[in-house]
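Keep in mind that this is a model prediction, so the values were computed, not measured. We name chains A, B, ... by the order of the sequence lines, and we start the count at 1 in each one.
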Amino acid sequence: MIEATPSNPAPTDFIRDIIDEDLRTNKHAGRVATRFPPEPNGYIHIGHAKSVCLNFGLAIQYQGTCNLRLDDTDPAGESMEFVESIIRDVHWLGFDWEDRLFYASDYFEKLYAFAVEMIKSGSAYVCSLNPDEMREYRGTFTEPGKDSPDRDRSVVENLDLFERMRAGEFADGAYTLRAKIDMAAPNIVMRDPILYRIKREPHYRTGTKWVIYPMYDFAHCLSDALEGITHSICTLEFENNRPLYDWIVERLIPANRPKQIEFARLSVSYTVLSKRRLIELVQKGYVNGWDDPRMPTVTGMRRRGYTPEAIRKFCAEIGVAKNDNLIDVALLEHCVRDDLNERSPRAMGVLHPLRVVIDNYPEDQVESFECQNHPQRPEMGVRQVPFSKVLYIERDDFMEDPPKKYHRLGPGREVRLRNAYIIKFASMVKDEKTGEVIEIHCTYDPATRNAPPADGRKVPGVIHWLSVQHAIPAEVRLYDRLFSIEDPGSEEDFIKYLNPNSLETVTTCYVEQSLKDGVPGSRYQFERLGYFCVDEKDTKAGRPVFNRVVPLRDSWTKIAERK
RNA sequence: UGGGGAAUCGUUCAAUGGUAGGACGACGGACUCUGACUCCGUUAAUCAAGGUUCGAAUCCUUGUUCCCCAGCCA
């Protein structure tokens with residue numbers, strides 16, 4: 001469980017201001033109770049994570065409670081698979097609701113009783129308008145609606161009809177239960193909104209027990225009230241629904257009424273977060289499922305190698321406000337790097353190998369270098385890495401005709417092999433047909449093992465390497481942003497902005513021996529390349545599969561691009 | 001076009017009548033056996049126009065732009 005500590009200062013925002021004020025006036029007897037209320041019709045994503053961190057974070061900060069509630073009032077599309085994924089993902093994010101796991105569907109009986117109460121008090125009526133008529137009677141933005149012909153039906157008749165709706169006497173859509181408010185209200189939400197509809201759709205929890213289901217506007221506020229929620233936090237698009245929320249609660253809940261507070265939902269550049277769009281990506285096979293490491297879902301980010309700490313940091317960094325926003329994905333990546341830098345052991349890996357032969361190194365000699373697992377954290381220990389005459393280095397770490405600021409290997413140049421010797425270029429071997437450099441010959445300076453050059457010369461470049469005979473073949477998946485434009489979420493045909501290079505699988509990679517049977521989910525920094533995570537799903541014995549979580553910041557790329 | 005919201009560095013969040021600040025980004029530098037990390041510095045904003053005030057991002061007026069709402073979805 002996360003706690004608010006001095007190193008993790010509680011942010012200030014307008015929601016906390018409201019809560020502070022409520023506490024000051026003793027509005028809820030000092031209680032703070034929130035809830036995270038997803039509908040189980042999809043996997044949760046980084047946008048939900050913002051809400052999770054907000055709601056649970058508030059509960060932690062104010063020593064209150066936060067419930068997990070599945071808002072399952074529309075059986076279409078809901079399933080236990082999604083419930084289970086939500087439970088797993090929220091737990092993984094680091095939050096705990098203890099015994100307060102609730103389902104709106106557990107309140108169906110109570111909600112029905114509330115509806116009956118509304119009918120009895122003359123606040124609701126059974127309406128026989130069909131969907132087309134309903135739309136017509138609702139009016140438009142500029143014209144008021146018309147009263148339903150059933151609006152003045154007697155209480156007795158309404159009660160009878162509603163009971164028979166529940167009993168299954170009528171076809172789907174034949175009747176609805178509506179709140180009697182004001183068909184001329186300027187806020188369209190208040191024009192006699194539907195409270196219950198008839199829908200013969202099996203519910204993943206209640207089966208066929210019910211053929212009528214409450215609408216969001218009716219179920220949500222009352223679920224909040226039933227759970228004693230004090231601050232019901234939702235996104236901006238529900239602002240128009242707040243008067244209805246209050247209208248219902250005022251009629252049915254005598255005291256300790258919950259209050260709805262809205263904040264801006266999260267948008268992230270170069271990604272989409274709407275459920276509809278994510279479903280399309282999955283169903284049409286543009287990605288490999290909800291847990292595709294390119295997906296902004298919690299499960300996708302987890303598989304990619306993001307940590308819950310990084311996601312929480314991100315949610316704290318972006319803040320909470322009422323402005324529409326488009327957060328730069330670079331901030332998310334910053335949070336991930338920041339966290340992974342602290343916790344990831346270093347290792348050497350070669351993505352695109354180039355053979356290097358150390359000419360003056362004894363043929364059959366193998367020596368072992370002790371390498372720090374983390375340059376700033378000695379408590380993370382050391383490991384032994386074998387060295388021999390023939391090595392792999394990264395192809396990028398050699399240039400036949402290097403530009404001025406290039407620090408690494410080239411004709412006539414010297415370079416430090418990380419944790420090992422300084423080597424000096426001797427010659428290169430080219431493929432006869434293509435002219436491509438396929439092997440480098442170097443000499444090493446035995447005096448530079450774990451020591452600077454005796455003559456004090458500067459060797460600016462440090463590269464990583466692997467002993468060919470000890471290297472473990474691996475597969476690495478490199479991920480790039482899923483979309484090629486900043487705000488694909490605003491485009492109707494967002495699919496055409498998919499980045500065709502968002503996944504690159506590299507099969508020629510090698511990693512250190514110590515990573516041969518890497519634990520799924522464990523993360524390493526391959527120095528100079530980025531952070532990598534052993535895939536949780538695709539495990540191959542003796543041939544590890546890595547996801548690149550995020551590349552390291554690389555100022556060389558910028559320097560090179562500028563030319 | 002009716003109603004509901006929001007406008008502050010490139011992005012994002014603060015400042016609630018009293019020095020416009022932080023983070024990310026970008027740029028420059030120091031350090032470095034990771035061109036990483038770390039450290040230092042620079043850049044850069046109050047939607048507009050009026051008004052009130054000693055003083056306005058903040059209050060008032062008018063205007064502008066953007067977002068949400070006409071599902072028996074949430």
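A side-chain N or O of A:Asp71 and one of A:His220 form a donor-acceptor pair less than 3.5 Å apart. Between A:Asp445 and A:Thr448, the side chains place no donor N or O within less than 3.5 Å of an acceptor N or O (distance only, hydrogens not considered). Between A:Asn187 and A:Asn240, the side chains place no donor N or O within less than 3.5 Å of an acceptor N or O (distance only, hydrogens not considered).
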| note | With both pairing distances under 3.5 angstrom for Watson-Crick or G-U wobble, and | for a partner in another strand, the correct string for RNA chain B is .((((((..((((....[..))))((((((.......))))))...(((((..]....))))))))))).....
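Under 4.0 angstrom from either OP1 or OP2 of B:rC13 there lies at least one side-chain N or O belonging to A:Asn323. For the pair A:Lys313 and B:rA23, the criterion of a side-chain N or O lying under 4.0 Å from OP1 or OP2 is not met.
Going from atom CD of A:Gln376 over to atom C1' of B:rC39 covers 13 Å, rounded to whole Å. Here B:rC37 presents its C1' atom at 14 Å from CE of A:Met380, a figure rounded to the nearest Å. In this structure, A:Met348 places its CE atom 16 Å from P of B:rC33, rounding to the nearest Å. Put simply, CG on A:Asp338 is 12 Å from C1' on B:rA36, counting in whole angstrom units. A straight line from CD of A:Glu143 to C1' of B:rG2 spans 10 Å, rounded to a whole angstrom. One interatomic measurement links the two molecules: CH2 of A:Trp465 to P of B:rC33, which rounds to 18 Å at whole-angstrom precision. In this structure, CG of A:Asp13 is placed 10 Å from C1' of B:rC13, rounded to the nearest angstrom. To the nearest angstrom, P of B:rU38 lies 11 Å from CZ of A:Arg337.
Aromatic ring orientation, A:His45 versus A:His48: tilted (interplanar angle from 30° to 60°).
Only the C1' atoms considered, B:rA23 is 11 Å distant from B:rA14, to the nearest whole Å.
Tested against A:Ser232, the residues A:Gln260, A:Arg35, A:Lys259 include a single side-chain hydrogen bond (donor to acceptor under 3.5 Å, both in side chains) partner, A:Arg35.
Residue A:Lys558 places its side chain closer to B:rA26 than to any other of B:rU34, B:rA26, B:rG35.
Using a 4.0 Å heavy-atom cutoff across all strands shown, A:Tyr406 reaches at least one base atom of the nucleic acid.
Here the two rings, on A:Phe526 and A:Phe546, have centers that are under 6.0 Å apart.
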| When you check every protein heavy atom under 4.0 Å of nucleotides 63-74 of chain B, what one-letter string (B, S, -) results, 5' to 3'? | ----SBBBSBSB
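Annotated as syn: B:rG71, whose glycosidic dihedral is within 90° of 0.
Counting heavy-atom neighbours within 6.0 Å of A:Glu163 CD, excluding the residue itself, gives a total of 12 or less.
For the pair A:Arg205 and A:Tyr103, the cation-pi criterion (under 6.0 Å, within 45° of the ring axis) is fulfilled.
Scanning for ring-ring contact (aromatic ring centres under 6.0 Å, His included) contacts around A:Tyr421 gives A:Phe369, A:Phe387, A:Tyr444, with sequence neighbours left out.
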